[in-house]
Amino acid sequence: MTYSVAVSGASGYAGGEILRILAAHPDVEIRTVTAHSNAGQKLIEHQPHLRSLAHLTLQETTPEVLSGHDIVFLALPHGQSGQYTDALRETPLVIDAGADHRLESVGEWDRFYGGVFHEPWTYGVPELLVGAGTQRDLLRGATRIAAPGCNASTVSLSLAPGVAAGVIDPGDIVTVLAVGPSGAGKSLKPHLLGSEILGTANPYAVGGTHRHIPEIRQALAGAAPDATAAIRISFTPVIVPMARGILATSTAPIASGASDDDIRAAWERAYGEETFVQLLPAGHFPRTADVLGANTALMGLAIDRDANRVVVVTAVDNLVKGTAGAAVQSMNIALGLPEGRALTVNGVAP
């Protein structure tokens with residue numbers, strides 16, 4: 001069976017990356033691409049690297065244009081997806097790359113986003129631990145999927161094994177992330193101009209204000225419901241001059257009585273059989289260069305007994321494993337297709 005696909009926000013970074021992956025997917029046909037201000041223009045004018053899709057023209061983003069497809073991907077700014085998802089009830093599978101359907105708590109949505117709250121959908125991070133299983137179990141047969149926030153899924157995958165196994169204390173999590181500006185989208189923002197970010201590192205959303213914090217808390221609470229009340233996170237992102245990538249350094253205190261073997265075993269159990277989340281050998285740590293273009297999260301683990309903390313360093317391509325790759329991987333699972341179809345573990349170097 002070939003599934004017909006529409007992609008909204010197709011002129012942006014996330015939409016373009018979804019299209020790049022789907023262009024190589026043998027089970028889908030990209031029939032419709034939409035945009036807002038760029039409607040009426042050729043897709044290739046905005047995504048010149050997508051040569052195989054040069055025949056497509058951007059249409060207006062309306063429920064009427066998006067309906068009638070088997071699968072709709074929404075790659076829209078936060079707060080804009082809900083107006084379309086309400087009107088796409090007849091679409092068999094809808095995948096939202098924005099934040100509108102990620103959070104379960106109305107209070108957290110009001111605090112970090114504001115605007116109309118929409119029902120939470122199945123979270124699109126297949127490898128994330130949930131109770132005795134993984135999020136993959138919930139994605140099978142799903143018809144509504146919320147693709148993750150790139151920073152949020154990186155940190156959640158980094159720490160969920162330790163929280164679930166009880167080998168770290170979730171009450172003092174500290175994470176600092178070096179992130180590429182593509183995660184902020186393609187619209188013009190003066191602070192993301194090349195002249196503003198080249199040769200410098202710029203912190204932002206400091207002091208507990210970043211919108212991905214409640215998403216991380218929610219994910220870690222799913223991995224260990226008994227620890228929900230104890231989860232506290234200090235989260236500091238820093239924009240660095242690389243187009244793509246996240247390097248997240250996350251630390252947490254070692255739980256009382258946890259041995260070094262216990263700690264490493266928690267991550268090995270969680271990811272030892274996974275294709276797209278890989279724990280590196282002891283003493284090895286990833287670079288963002290190793291995951292560019294790939295759907296992999298590479299993870300290095302250190303145990304700092306002097307500081308009594310576990311240190312996890314994780315690298316992802318924010319546009320692939322952080323967004324579009326996670327969305328397509330979740331689509332494959334929901335449809336019963338091979339999970340890795342059209343996705344690769346190989347990066348691009350140099």
Side-chain angles (χ1 to χ4, degrees), residues 9-21 46-50 75-78 97-99 102 124-125 147-158 175-206 209-213 215-216 235-250 276-278 285-300 312-329 343-350:
S11 60
Y13 288 137
E17 197 69 1
I18 290 169
L19 289 169
R20 184 181 73 85
I21 296 171
H46 299 275
Q47 307 288 6
H49 59 300
L50 300 179
L76 302 171
H78 304 316
R102 292 176 192 160
V125 184
C150 53
N151 296 313
S153 60
T154 305
V155 176
S156 299
L157 287 169
S158 297
T175 184
V176 178
L177 304 90
V179 302
S182 59
K186 204 172 185 179
S187 61
L188 178 62
K189 302 178 179 71
H191 71 286
L192 298 179
L193 293 172
S195 56
E196 299 293 334
I197 66 171
L198 292 176
T200 183
N202 303 332
Y204 68 102
V206 178
T209 62
H210 197 283
R211 290 173 167 180
H212 287 176
I213 291 174
E215 190 177 335
I216 298 168
F235 178 100
T236 306
V238 181
I239 293 177
V240 297
M242 58 184 183
R244 294 170 177 250
I246 296 172
L247 189 72
T249 302
S250 304
F276 296 116
V277 180
Q278 300 181 15
F285 298 91
R287 309 172 303 164
T288 56
D290 302 330
V291 296
L292 293 184
N295 193 50
T296 43
L298 297 183
M299 200 172 293
V312 183
V313 181
T314 302
V316 304
D317 183 325
N318 58 294
L319 292 178
V320 188
K321 186 57 175 169
T323 306
V328 173
Q329 185 181 349
L343 299 167
T344 181
V345 296
N346 297 325
V348 178

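None of the values given here were measured: they were computed from a predicted structure. These numbers come from the heavy atoms of this one structure, side chains and all, not from hydrogens, waters or symmetry mates.
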Enquirer: Donor-acceptor check, side chain of Asp317 to backbone of Gly293, threshold 3.5 angstrom: yes or no?
Expert: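 Yes, Asp317 side chain to Gly293 backbone: donor-acceptor pair under 3.5 Å.
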Enquirer: With sequence neighbours excluded, tell me which residues meet salt bridge (Lys or Arg N to Asp or Glu O under 4.0 Å) with Glu215.
Expert: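 Partners of Glu215 under the salt bridge (Lys or Arg N to Asp or Glu O under 4.0 Å) test: Arg102.
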Enquirer: Would you say Ser153's side chain and Cys150's backbone share a donor-acceptor pair under 3.5 angstrom?
Expert: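 The answer is yes, because a donor-acceptor pair under 3.5 Å joins these two groups.
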Enquirer: Donor-acceptor pair, distance only, cut-off 3.5 Å: does the side chain of Gln329 make one with the backbone of Ala324?
Expert: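 Here the side-chain-to-backbone pair does not exist.
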Enquirer: Lys321 and side-chain contact (heavy atoms from CB on, under 4.5 Å): which single residue from Asn295, Val345, Val125, Leu343 fits?
Expert: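 Answer after filtering Asn295, Val345, Val125, Leu343: Asn295.
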Enquirer: Are Arg20 and Val320 close enough that some pair of their side-chain heavy atoms sits under 4.5 Å apart?
Expert: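 A side-chain contact under 4.5 Å exists here.
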Enquirer: Would you say the side-chain atoms of Gln278 pair up with the backbone N or O of Thr296, donor to acceptor, closer than 3.5 Å?
Expert: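 Not confirmed, Gln278 side chain does not pair with Thr296 backbone.
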Enquirer: Measure the spacing between CG of Leu298 and OG1 of Thr314 and express it to the nearest 0.5 Å.
Expert: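 Result: 9.0 Å between the selected atoms.
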Enquirer: State the OG1-NE2 distance between Thr154 and His212, to the nearest 0.5 angstrom.
Expert: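 Reported to 0.5 Å precision, the distance equals 9.5 Å.
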Enquirer: Taking all non-hydrogen atoms of both residues, which atom of Val291 and which atom of Ala315 are closest, and how far apart?
Expert: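 Heavy-atom minimum between the residues: CG1-O, 3.8 Å.
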Enquirer: In Å, rounded to the nearest 0.5 Å, how long is the span from OH of Tyr13 to CG of Leu319?
Expert: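 Separation between the atoms: 8.5 Å.
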Enquirer: Ser182 side chain to Ala243 main-chain N or O, any donor-acceptor pair under 3.5 Å?
Expert: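 Yes; judged by distance alone, with no hydrogens or angles, the pair exists.
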Enquirer: Would the distance check show the side chain of Lys186 and the main-chain N or O of Ser11 forming a donor-acceptor pair, the cut-off being under 3.5 Å?
Expert: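 Yes, because the side chain of Lys186 sits within donor-acceptor range (under 3.5 Å) of the backbone of Ser11.
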Enquirer: Would you name the heavy atoms of Ile197 and His191 that are closest together and state the gap between them?
Expert: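 What the structure gives for the nearest pair is CG2-O, 3.6 Å.
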Enquirer: For Ala201, which residues count as a side-chain contact (heavy atoms from CB on, under 4.5 Å) partner, sequence neighbours excluded?
Expert: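 side-chain contact (heavy atoms from CB on, under 4.5 Å) check on Ala201 returns Val238, Val240.
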Enquirer: Can you find a heavy atom in the side chain of Thr323 that is under 4.5 Å from one in the side chain of Glu17?
Expert: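 A side-chain contact is absent here, since even the closest heavy-atom pair is not under 4.5 Å.
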Enquirer: What are the two closest non-hydrogen atoms of Thr175 and Ala248, and how far apart are they?
Expert: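 Heavy atoms only, the tightest pair is OG1-CB, 4.5 Å.
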Enquirer: In Å and rounded to the nearest 0.5 Å, what is the CG to CG distance from Asn318 to Leu292?
Expert: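 Taking CG in Asn318 and CG in Leu292, the distance rounds to 9.5 Å.
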Enquirer: Please report the shortest heavy-atom distance between Leu192 and Ala184, naming the atom on each side.
Expert: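 Closest approach of Leu192 to Ala184: CD1-CB, 3.4 Å.
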Enquirer: Ring-plane angle category for Phe235 and His210, please: parallel below 30°, perpendicular beyond 60°, tilted otherwise.
Expert: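 Phe235 vs His210 ring planes: tilted.
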Enquirer: State which residues pass salt bridge (Lys or Arg N to Asp or Glu O under 4.0 Å) with Arg211; sequence neighbours excluded, sorted by chain then number.
Expert: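 Salt bridge (Lys or Arg N to Asp or Glu O under 4.0 Å) check on Arg211 returns nothing, list empty.
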Enquirer: Does Asn346 offer a backbone N or O that forms a donor-acceptor pair with the side chain of Thr344 under 3.5 Å?
Expert: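 Yes, because the side chain of Thr344 sits within donor-acceptor range (under 3.5 Å) of the backbone of Asn346.
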